[in-house]
Amino acid sequence: MRCVIAPEARVTPEGEVRRDREGNPQWITALSVRQTEGRRTDVIHVVVSGAQPQGVTEGAEVRVTGLWANEWAVDGRTGTSWRADAITPVPTASSAASASTSAASAGGRNKGGDS
């Protein structure tokens, strides 16, 4: 999945931030999903509660944890709402290499017997 629109506060028509049953703010992120049968993609809007997803930028590949769909029907309209426990960026090869280099450097400094 790729992020199409970065996380934004989910708001009411009056402009107030929506909250879940526990009072946590809700965030909405648009994600592109490629269908397995061909070249078709869909965009879904996924809501998470709690802290704003960090490091999720437009165009970035993301990992979605605990994704579930809820079919709804109201006043003759129907749709699907999407929720997830978390949306996190997928580490890129350069960020993984950078983290590995940083960890190795930190380990090297401590091996000298620094106290």
Side-chain angles (χ1 to χ4, degrees):
M1 290 187 186
R2 289 208 178 269
C3 176
V4 177
I5 301 174
E8 300 174 350
R10 185 170 179 233
V11 295
T12 65
E14 295 79 29
E16 296 179 25
V17 174
R18 290 186 186 260
R19 298 188 175 274
D20 64 13
R21 289 186 177 107
E22 288 79 37
N24 298 309
Q26 293 183 329
W27 303 91
I28 189 163
T29 307
L31 304 175
S32 65
V33 181
R34 182 173 178 182
Q35 300 296 324
T36 56
E37 62 278 340
R39 298 184 47 83
R40 184 166 179 245
T41 60
D42 289 318
V43 174
I44 62 172
H45 298 269
V46 181
V47 174
V48 296
S49 294
Q52 181 177 8
Q54 296 297 306
V56 176
T57 57
E58 292 179 8
E61 188 175 354
V62 296
R63 178 173 291 122
V64 180
T65 306
L67 180 66
W68 58 275
N70 182 44
E71 298 290 329
W72 56 267
V74 176
D75 297 329
R77 299 179 311 141
T78 61
T80 304
S81 59
W82 297 89
R83 305 242 179 204
D85 294 332
I87 301 172
T88 55
V90 171
T92 61
S94 62
S95 67
S98 176
S100 176
T101 302
S102 296
S105 296
R109 283 193 303 268
N110 293 331
K111 288 183 179 180
D114 294 342
S115 35

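From a predicted model like this one, the values you see are computed outputs, not experimental measurements. Excluded from the calculations below are hydrogen atoms, water molecules and symmetry mates; all remaining heavy atoms, backbone and side chain alike, are included.
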**Request:** Heavy atoms only: give me the nearest R34-T41 pair and the separation to one decimal.
**Result:**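 Reported closest heavy-atom pair: CA-CG2, 3.9 Å.
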**For the student: nearest non-hydrogen atoms of R63 and P91, plus distance** =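 Closest heavy-atom pair between R63 and P91: NH1-CD, 4.4 Å.
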**Request:** Report the C-alpha distance between C3 and T29 in whole Å, list the side-chain angles of each, state the deciding distance to 0.1 Å, and finish with yes or no for side-chain contact (heavy atoms from CB on, under 4.5 Å).
**Result:** CA-CA 7 Å; C3 176; T29 307; 4.0 Å; yes
Distance-only donor-acceptor hits, side chain of residues 9-19, under 3.5 Å, sequence neighbours excluded:
unit_1	atom_1	unit_2	atom_2	d
R10	NH1	Q26	OE1	2.7
T12	OG1	E14	N	3.3
T12	OG1	E14	OE1	3.3
T12	OG1	G15	N	3.4
T12	OG1	E16	N	3.1
T12	OG1	E16	O	3.4
R18	NE	V11	O	3.4
R19	NH1	G23	O	2.9

**Item:** Rounded distance [0.5 Å steps], OG1 in T88 versus CD in Q54
**Value:**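 It is 12.0 Å, given to the nearest 0.5 Å.
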**Request:** With rounding to the nearest 0.5 Å, note down the distance linking OG1 in T78 to CH2 in W72.
**Result:**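 T78 OG1 to W72 CH2: 6.5 Å, rounded to 0.5 Å.
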**Request:** Without swapping roles, check the side chain of R2 against the backbone of G59 for a donor-acceptor pair under 3.5 Å.
**Result:**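 Pair found, side chain donor or acceptor close to backbone of G59.
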**ILVMFWY cluster membership beyond V62 - transitive side-chain contacts under 4.5 angstrom** =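 Noted: V62 shares its cluster with M1, W27, L31, V33, I44, V46, V48, V56, V64, L67, W82, I87.
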